[in-house]
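First up is the structure itself, then whatever we jot down about it.
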Amino acid sequence: MNKIAKIALGLVIFGFSAFIITGFINLNMKRNILPVVNNSSQFSQVSFILQNKCVDCHSPNMTDYPFYFKLPIASSIIAHDIHNAQSHFFVTKNELIGKEKFSALQLNKLQRVVLADAMPPNRYKLLHWNSFLTDNDRKVILTWIDSQKNTTQLISSIPNVNPFNPNKDKVKLGKALFFDTRLSGNNTISCASCHSLAKGGTDNLKYSKGINGKLGGINAPTVFNSAFNFAQFWDGRARDLNEQANGPINNPIEMGSNWKQVLSKLIKDQNYLVQFGKLYKTGMNPESITDAIATYEKSLLTPDSRFDRYLNGDTNALDKDEVAGYKLFINEGCVSCHNGVNLGSNSYQKMGVVENYFEFRGSITKADYGRYNVTKQESDKYFFKVPTLRNIALTYPYFHDGSVNDLNQAVKYMSRFQLGKTMSDKDSRLIVKFLDTLTGNYDNKALTTR
């Protein structure tokens, strides 16, 4: 046997030995199982399974990792696996012990993973021989999830009475400002330029055109129902509508202005001065301007869609294909991210949970980093606020990059990259039929679909 063959054989023996040793280390790794704080034997079983087989990757700061975690190659692989795992779902310590309830979002993500046998990945199973879920484990978890869903509403209708109860006079003032081009540096761009109420609250462009025709780097989300969003912008950099309204004015690509310039123009408008004087003790200033715009935006709700009527008990509001599409939407796992009153906009999710979307699409832009641009945390790369599906038939093109114009194609992409499934033409068409029922009414008039 020559020298090269001996070296190769030695490497093979070393690798196999390392594999066996690591497997035994992981097999015999002891975990401190936390006791649950309630008396449910069913949940105790679920917690025991999750703590034994899932917490290593799916629960932040719950595991003391073995020594090899810090080795150069191993550490990067493990960090990648943990990041990928938490893109699928994560559970906290308080949830594991029953101190806090699992949200509807968490329940659906966990259910999707268990049904699809998506976790753990095969590479992880090779080194963690007892990590896979048995048939009985899956049955215990899924039975418990079904029992919890009976008391957890996944999707709710938009109330016909505005729950934010915006001040009518502030709404009127905010509307005037929303359409006022003087908020921009050269008096050509208003909020409505990118968020047209005639186009589903968007501009139907891949990237919006700002001051002097400059193009932004991300698709403009709809302004309709934005008051229900848990954060604003795709990357969640604004916590509410007031903060959001401040952003475009000072953005050199969008409105290209600043508050000193804006105030110098608006202060000459006597009507504005009178209105701000009546409605705000501090008069006209950046805070009162953004508050008025935000108050107007809180009035931009679109209730009474056919789907809302269906949720509220009108079983004839949807036809059989639309109902079938709704059931597919739930059963395929779409509802695990698109839930709540806005069917989205209440969580962050990675773009490309199962398959790398950006490798498929091509080069990466700064906007593609998503939430990472705000937090600078590696674990937040490619995470975005889940968009609302309300009025989705009107708000093309789709995704943060505006890369898809056709809703049917968007559904197929989501199935592929987020769920790891190849959806048939029949199923995607049925889901689109359901999505078309999400178009609501504004100002007592139906929004127009294309």
Side-chain angles (χ1 to χ4, degrees), residues 84 86-89 104-113 115-119 154-155 200 202 204 206 218-222 229 234-236 307 321-322 324-340 342-362 364 367-368 370-371 381-439:
N84 184 45
Q86 293 183 15
S87 298
H88 284 270
F89 82 94
L105 182 67
Q106 292 290 76
L107 289 172
N108 274 272
K109 287 187 175 183
L110 178 57
Q111 182 185 52
R112 185 187 71 192
V113 167
L115 286 172
D117 197 21
M119 289 278 117
L154 296 177
I155 300 174
T202 69
N204 295 141
K206 180 176 182 178
I218 200 163
N219 183 253
T222 179
N229 296 349
W234 283 97
D235 57 14
F307 179 62
D321 282 350
E322 292 161 348
Y326 176 41
K327 290 180 179 178
L328 275 170
F329 179 84
I330 294 173
N331 294 333
E332 290 296 306
C334 312
V335 74
S336 62
C337 291
H338 293 285
N339 52 64
N342 238 358
L343 284 89
S345 297
N346 57 357
S347 68
Y348 297 111
Q349 185 56 269
K350 183 180 180 180
M351 183 63 167
V353 172
V354 179
E355 185 179 340
N356 192 316
Y357 170 78
F358 298 103
E359 281 186 4
F360 165 81
R361 193 202 64 189
I364 300 282
D368 291 331
R371 187 77 181 137
K381 272 188 176 178
Y382 317 120
F383 274 73
F384 298 88
K385 181 187 68 179
V386 175
T388 175
L389 296 183
R390 293 287 181 179
N391 310 305
I392 190 70
L394 302 174
T395 58
Y396 58 91
Y398 303 110
F399 311 148
H400 76 282
D401 56 7
S403 60
V404 177
N405 280 293
D406 180 66
L407 185 53
N408 186 67
Q409 185 62 61
V411 169
K412 287 188 172 184
Y413 275 4
M414 286 292 95
S415 179
R416 172 181 173 180
F417 294 105
Q418 303 304 105
L419 302 174
K421 301 179 181 180
T422 300
M423 185 170 287
S424 68
D425 290 338
K426 177 184 176 181
D427 285 352
S428 64
R429 283 196 295 267
L430 286 172
I431 289 178
V432 168
K433 285 186 175 182
F434 157 64
L435 295 177
D436 284 340
T437 72
L438 298 176
T439 303

Shortest non-hydrogen contact between Asp406 and Tyr398, atoms and distance: C-CE1, 3.9 Å
Distance in Å, Cys334 SG paired with Asn339 CG, rounded so as to fall on 0.5 Å steps: 11.5 Å
Minimum side-chain heavy-atom gap Thr437-Tyr326 below 4.5 Å: no
Side chain proximity check, Ile392 to Leu343, heavy atoms < 4.5 angstrom: no
Closest non-hydrogen atom pair between Arg361 and His400, with its separation: NH1-NE2, 4.2 Å
ring-ring contact (aromatic ring centres under 6.0 Å, His included) partners of Phe417, counting only residues at least two apart: Tyr357, Phe360, Tyr413
Asn405 to Pro397 - nearest heavy-atom pair and separation: OD1-CB, 3.5 Å
Test log, rule side-chain contact (heavy atoms from CB on, under 4.5 Å), inputs Thr388 and Thr395: CA-CA 10 Å; Thr388 175; Thr395 58; over 6 Å; no
Residue pair Leu328, Met423: steps toward the side-chain contact (heavy atoms from CB on, under 4.5 Å) verdict: CA-CA 11 Å; Leu328 275 170; Met423 185 170 287; over 6 Å; no
Validation row: Arg429, Ser424 side chains within 4.5 angstrom (heavy atoms): no
Shortest non-hydrogen separation from Phe399 to Val404 and the atoms involved: CE1-CG2, 3.6 Å
Atom of Lys206, atom of Asn219 and distance for their closest heavy-atom approach: O-ND2, 3.2 Å
Pair Gln418-Met351, side-chain contact (heavy atoms from CB on, under 4.5 Å): steps then yes or no: CA-CA 7 Å; Gln418 303 304 105; Met351 183 63 167; 4.2 Å; yes
Student check: side-chain heavy atoms of Arg371 and Phe384 closer than 4.5 Å: no
With Lys433 via salt bridge (Lys or Arg N to Asp or Glu O under 4.0 Å) - residues at least two apart: Asp321
pair Lys385-Trp234: side-chain heavy atoms closer than 4.5 Å: no
Heavy-atom side-chain contact between Phe329 and Val335 under 4.5 Å: yes
Partners passing side-chain hydrogen bond (donor to acceptor under 3.5 Å, both in side chains) against Thr222 (at least two apart in sequence or in another chain): none
